[in-house]
Amino acid sequence: MFATLSDRLADTFKNLRGKGRLSEADIDATAREIRIALLEADVALPVVKEFVGAVKERARGEEVSQALNPAQQIVKIVNEELVNILGGETRRLRYAKTGPTVIMLAGLQGAGKTTLAAKLALWLKEQGKTPILVAADLQRPNAVNQLQVNGGRVGVPVFAPEPGNGVGDPVSVARASIEEAKRKLHDVVIIDTAGRLGVDTELMKQAADIRDAVQPDEVLFVVDAMIGQDAVTTAQAFLDGVGYDAVVLTKLDGDARGGAALSIASITGKPVMFASNGEKMTDFDLFHPDRMASRILD
Ligand code: GDP
């Protein structure tokens with residue numbers, strides 16, 4: 001088990017109570033502990049450096065408060081800065097003003113997109129929406145079937161290409177799905193797109209073409225929280241290649257400490273909107289920056 005940042009700092013500040021201000025040496029000792037805590041949580045190194053710099057700046061200016069001991073005070077600053085980078089408030093889904101709301105999912109194969117699509121559909125259904133799922137991942141032979149199975153589990157229809165119906169490519173499937181949604185009065189369209197094992201330009205181009213064709217209200221980048229440091233490279237590649245409005249973190253039920261959330265939010269400036277934390281269809285919720293901050297620190 002790792003010691004929590006609070007434990008480490010309590011140790012660092014054992015003899016500090018009652019001093020008026022933190023000395024440079026205290027601040028350096030603090031910075032070292034925060035750095036270790038963030039690296040243990042798998043936060044990317046450039047993000048750790050920037051973060052520690054910001055906390056040092058703030059710590060320098062602070063009077064040691066009467067109410068909190070120095071360790072508590074630093075943990076409070078770290079926590080506030082973390083929540084800030086993670087987007088502050090929970091980011092809510094933006095719905096279209098007219099016509100169906102179109103949500104497009106992008107991410108690497110295995111990130112959990114297909115599972116997430118169905119979870120999101122269920123979550124929307126529980127809020128009184130009438131979503132439809134769209135199988136625009138025509139790359140992986142089993143992807144359409146998998147979406148249909150997941151759709152069946154949550155009782156949400158799936159729009160998929162059928163032999164001979166003239167919509168064999170992902171862009172025309174996506175386009176046709178919007179017409180289908182309008183015809184059948186679905187108010188949210190969730191488009192699952194193809195993922196590859198690694199970032200590649202063909203995948204990016206296909207996702208960008210779908211995006212251009214359907215002009216989604218939200219493009220969500222789905223990423224596995226367990227990939228740790230690699231999350232930053234992938235997140236940046238999808239931001240450059242496809243662009244997205246917010247991030248969905250999956251597999252948060254694993255033992256990842258949540259560094260990926262901080263790294264992605266810090267490097268891309270995009271908020272994390274949803275968290276997927278299990279294989280059950282109900283293992284899904286809005287992302288709460290304050291809860292993630294605690295997870296990174298604990
Ligand atoms: P896709 O290739 O991005 O569509 O990924 P899938 O939805 O097929 O998910 C890949 C694997 O991860 C499957 O075995 C899912 O059951 C699993 N999975 C997806 N989301 C989660 C999650 O939040 N927690 C866990 N433990 N497994 C997940």
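First listed ligand is number 1; within each ligand, the first listed atom is number 1.
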- request: Verify, without hydrogens or angle tests, whether Arg211 (side chain) and Val242 (backbone) share a donor-acceptor contact under 3.5 angstrom.
  value: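 Checked: pair present.
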- request: Using only heavy-atom distances, determine whether the side chains of Asp192 and Thr114 contain a donor-acceptor pair under 3.5 Å.
  value: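 Yes, because at least one side-chain N or O of Asp192 sits under 3.5 Å from a partner of the opposite role on Thr114.
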- prompt: Are the charged groups of Lys113 and Asp137 less than 4.0 angstrom apart, N to O?
  reply: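 No, no charged N to carboxylate O under 4.0 Å.
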query: Is Arg183 salt-bridged to Glu180, cutoff N-O under 4.0 Å?
result: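 Salt bridge between Arg183 and Glu180, a charged N being under 4.0 Å from a carboxylate O: yes.
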- prompt: For Tyr95, is the NZ or CZ atom of Lys129 found under 6.0 angstrom from the centre of its six-membered ring and inside 45 degrees of the ring axis?
  reply: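 That pair qualifies as a cation-pi contact.
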message: For a quick check: using heavy atoms under 4.0 Å, what are the residues in contact with ligand 1, sorted by chain and number?
response: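 Around ligand 1, where the cutoff is 4.0 Å for heavy atoms, the contacting residues are Leu108, Gln109, Gly110, Ala111, Gly112, Lys113, Thr114, Thr115, Lys119, Arg140, Gln146, Lys251, Asp253, Ser276, Asn277, Gly278, Glu279.
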message: Could you walk me through whether Asp28 and Arg32 satisfy the salt bridge (Lys or Arg N to Asp or Glu O under 4.0 Å) test, starting with their C-alpha distance in whole Å, then the side-chain angles of each, then the deciding distance to 0.1 Å, before giving a yes or no?
response: CA-CA 6 Å; Asp28 282 345; Arg32 201 162 46 239; over 6 Å; no
